[in-house]
Every structure is written in structure tokens, then in C-alpha cells.
Amino acid sequence: MAVSKICCIGAGYVGGPSCAVIAHKCPDLRVTVVDQSAHRIAQWNSDILPIFEPNLDEIVKSCRGQNLFFSTNIDQEILDADLIFICVNTPTKTFGLGKGRAADLKYIESCARRIADVAQSSKIVVEKSTVPVKAAQSISNILSANVKPGVRYQVTCNCDNICSCHLKVCCNFIVMQRC
């Protein structure tokens, strides 16, 4: 599957900076970061970004409106994307088995359900957050249980370690390149 359009669900500390770097390093890709929070998206589209990382302002300003976009139109971007990053919160569970110790996958699972509901073509789905144990399996289970004719999913995970490596999406692969 050729990758030309990326959707990132989650405009927080992982999704925004990671996708800005991807857009910066891969100008031939269209990268759209989506979020339910209109306020958060408005901040990414303004001169004052919602988070600080060294050089992030310059990177975003150089790509925004060219091949980097920020939107609340989650469903349309899921439809259009070849590759979807899930970059959402994984808080500690507050009830049930693992309470106070295990990651709560409810936001990751919610994204997987939305992808399954909306997608009409095959997708690569990448879990990119704190990469909790069983997150990719949970995503795969949800997508497999909601399969549609002609729609296939490839599910993987990608560590949240953008500090020590650059993400580069090219030639149908996600490659981690050491600095």
C-alpha cells in the first residue's frame, strides 16, 4: 500500500510534534492532525502553539498549509488517509483489574471503533503513544470484529521516542532512523 496521506488522531504532545516532523522531513506527504477539541486545533492553527518543543514553531510554520494541516473533521481525514496514527491519552485505570497500575485503553479503543465505522478502504493503523501492552492487539481485535468487504488493516505500534530518532515514512514503510 502506497502512503501519500497520513491522519493523526490526537493533537497533543505526541501527535502534533511527531506529525510536524514527518511533514517537515517528507514534503511529498499530506499530513493532517485531527482532534475533537476545536480549541486545541485552533491553537495549532495559530501563532501560539499549545505546546513547546525546541524549533517546533519554525517546523510547523514552514509546513502548515503546505503539507501539514490541523482539523476537527476526523471522519473525513480517516476516509482520506492511507496511514492513521492513534496518538491519544492512555491514563492509568481508575477501576477494575489493574486499577491504579495498568493503562486504560478506552481512548485507543474508541479510535479503533471510529476507524472501523468510517473507513471504506484499506488502512495502516499505527498506535503511537506510550505503547501500552496489548494496545495493538486491542486495536486489531476491534478492527477484525468490524471488517467490511474490501477493507483490510495493517496494525502496528511505534514507540514515543521522537527525541532519539526521526520518523520517516517512505516507500510504504515506517522506518526509524537513528540520528
Side-chain angles (χ1 to χ4, degrees), residues 3-94 103-115 118-119 123-132 135 139 156-170 174-179:
V3 174
S4 64
K5 294 180 182 176
I6 295 175
C7 169
C8 173
I9 303 173
Y13 286 91
V14 174
S18 296
C19 286
V21 170
I22 291 171
H24 181 70
K25 296 286 184 183
C26 305
D28 55 320
L29 295 177
R30 178 184 170 88
V31 180
T32 304
V33 180
V34 296
D35 201 286
Q36 295 181 93
S37 171
H39 177 70
R40 173 68 55 104
I41 293 300
Q43 289 178 308
W44 280 104
N45 281 318
S46 76
D47 289 333
I48 301 170
L49 300 183
I51 62 171
F52 173 79
E53 289 287 341
N55 302 316
L56 183 60
D57 281 349
E58 294 81 15
I59 290 171
V60 170
K61 287 176 184 173
S62 71
C63 299
R64 189 173 49 209
Q66 305 296 315
N67 70 323
L68 177 63
F69 303 90
F70 298 93
S71 173
T72 56
N73 195 346
I74 299 169
D75 292 348
Q76 186 61 54
E77 296 304 327
I78 289 171
L79 279 170
D80 292 346
D82 306 307
L83 184 147
I84 301 169
F85 283 108
I86 298 177
C87 299
V88 295
N89 217 359
T90 52
T92 303
K93 288 181 79 171
T94 58
D104 186 342
L105 302 181
K106 67 184 171 192
Y107 299 117
I108 289 175
E109 291 169 348
S110 175
C111 288
R113 284 187 205 83
R114 191 158 188 176
I115 292 166
V118 172
K123 310 287 179 195
I124 300 168
V125 179
V126 182
E127 192 279 321
K128 180 171 179 51
S129 66
T130 53
V131 192
I139 293 166
T156 188
C157 60
N158 178 245
C159 69
D160 180 22
N161 191 5
I162 200 77
C163 306
S164 64
C165 52
H166 291 293
L167 281 175
K168 185 174 182 184
V169 179
C170 63
I174 300 171
V175 181
M176 298 298 288
Q177 291 187 325
R178 292 282 168 208
C179 298

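Residue numbers run from 1 in the order of the sequence given.
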Trainee: What's the spacing between E77 CD and S71 OG if we round to 0.5 Å?
Mentor: 5.5 Å
Trainee: Who pairs with A20 by side chain to side chain contact (heavy atoms under 4.5 Å, CB included), at least two apart in sequence or on another chain?
Mentor: L56, I59, V60, L68
Trainee: D80: what forms a side-chain hydrogen bond (donor to acceptor under 3.5 Å, both in side chains) with it, not counting sequence neighbours?
Mentor: Q76
Trainee: Listed by chain and number, what are the salt bridge (Lys or Arg N to Asp or Glu O under 4.0 Å) partners of D82, not counting sequence neighbours?
Mentor: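 With sequence neighbours excluded, D82 shows a salt bridge (Lys or Arg N to Asp or Glu O under 4.0 Å) to no residue whatsoever.
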Trainee: At what distance, to the nearest 0.5 angstrom, does CG of L29 lie from NZ of K5?
Mentor: 11.5 Å
Trainee: Could you give the distance from NZ (K123) to CG (L79), rounded to the nearest 0.5 Å?
Mentor: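 It comes to 6.5 Å.
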Trainee: Keeping to residues at least two apart or across chains, list the ring-ring contact (aromatic ring centres under 6.0 Å, His included) pairs with something in residues 25-79.
Mentor: W44-F70
Trainee: Please report the closest heavy-atom contact between N67 and C26, naming both atoms and the distance.
Mentor: ND2-O, 3.3 Å
Trainee: Rounded at 0.5 Å granularity, tell me how far CG in L105 sits from CD in E127.
Mentor: 8.0 Å
Trainee: Show every side chain to side chain donor-acceptor pair (under 3.5 Å) that has at least one partner inside residues 57-66, sequence neighbours left out.
Mentor: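 Not a single pair qualifies under side chain to side chain donor-acceptor pair (under 3.5 Å).
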Trainee: Just jot down the side chain to side chain contact (heavy atoms under 4.5 Å, CB included) partners of T92, sequence neighbours excluded, or say none.
Mentor: none
Trainee: With heavy-atom distances below 4.5 Å as the criterion, would you say the side chains of I86 and I115 are in contact?
Mentor: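 I86 vs I115: side chains touch.
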Trainee: In Å and rounded to the nearest 0.5 Å, what is the CD1 to NZ distance from I108 to K106?
Mentor: 12.0 Å
Trainee: For K93, give me all partners under salt bridge (Lys or Arg N to Asp or Glu O under 4.0 Å), at least two apart in sequence or on another chain.
Mentor: none
Trainee: Which atom pair, heavy atoms only, marks the closest approach of I51 to Y13?
Mentor: CG2-CE2, 3.1 Å
Trainee: Could you state the interatomic distance from CD1 (I74) to SG (C7), rounded to the nearest 0.5 Å?
Mentor: 8.0 Å
Trainee: Counting only N and O atoms by type, is there a donor-acceptor contact under 3.5 Å from the side chain of D104 to the main-chain atoms of T94?
Mentor: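 The answer is no, because no donor-acceptor pair under 3.5 Å joins these two groups.
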Trainee: Looking only at heavy atoms, which two atoms of L49 and S46 are closest? And how far apart?
Mentor: CD2-O, 4.1 Å
Trainee: Using salt bridge (Lys or Arg N to Asp or Glu O under 4.0 Å) as the criterion, list what pairs up with D75, not counting sequence neighbours.
Mentor: R114
Trainee: Out of the candidates I9, N73, I41, I84, only one should pair with V34 under the side chain to side chain contact (heavy atoms under 4.5 Å, CB included) rule; please name it.
Mentor: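 Among the candidates, only I9 passes.
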Trainee: May I have all residue pairs that pass salt bridge (Lys or Arg N to Asp or Glu O under 4.0 Å) and include part of residues 31-49, sequence neighbours excluded?
Mentor: none
Trainee: State which residues pass side chain to side chain contact (heavy atoms under 4.5 Å, CB included) with C8; sequence neighbours excluded, sorted by chain then number.
Mentor: C19, V33, F85, C87
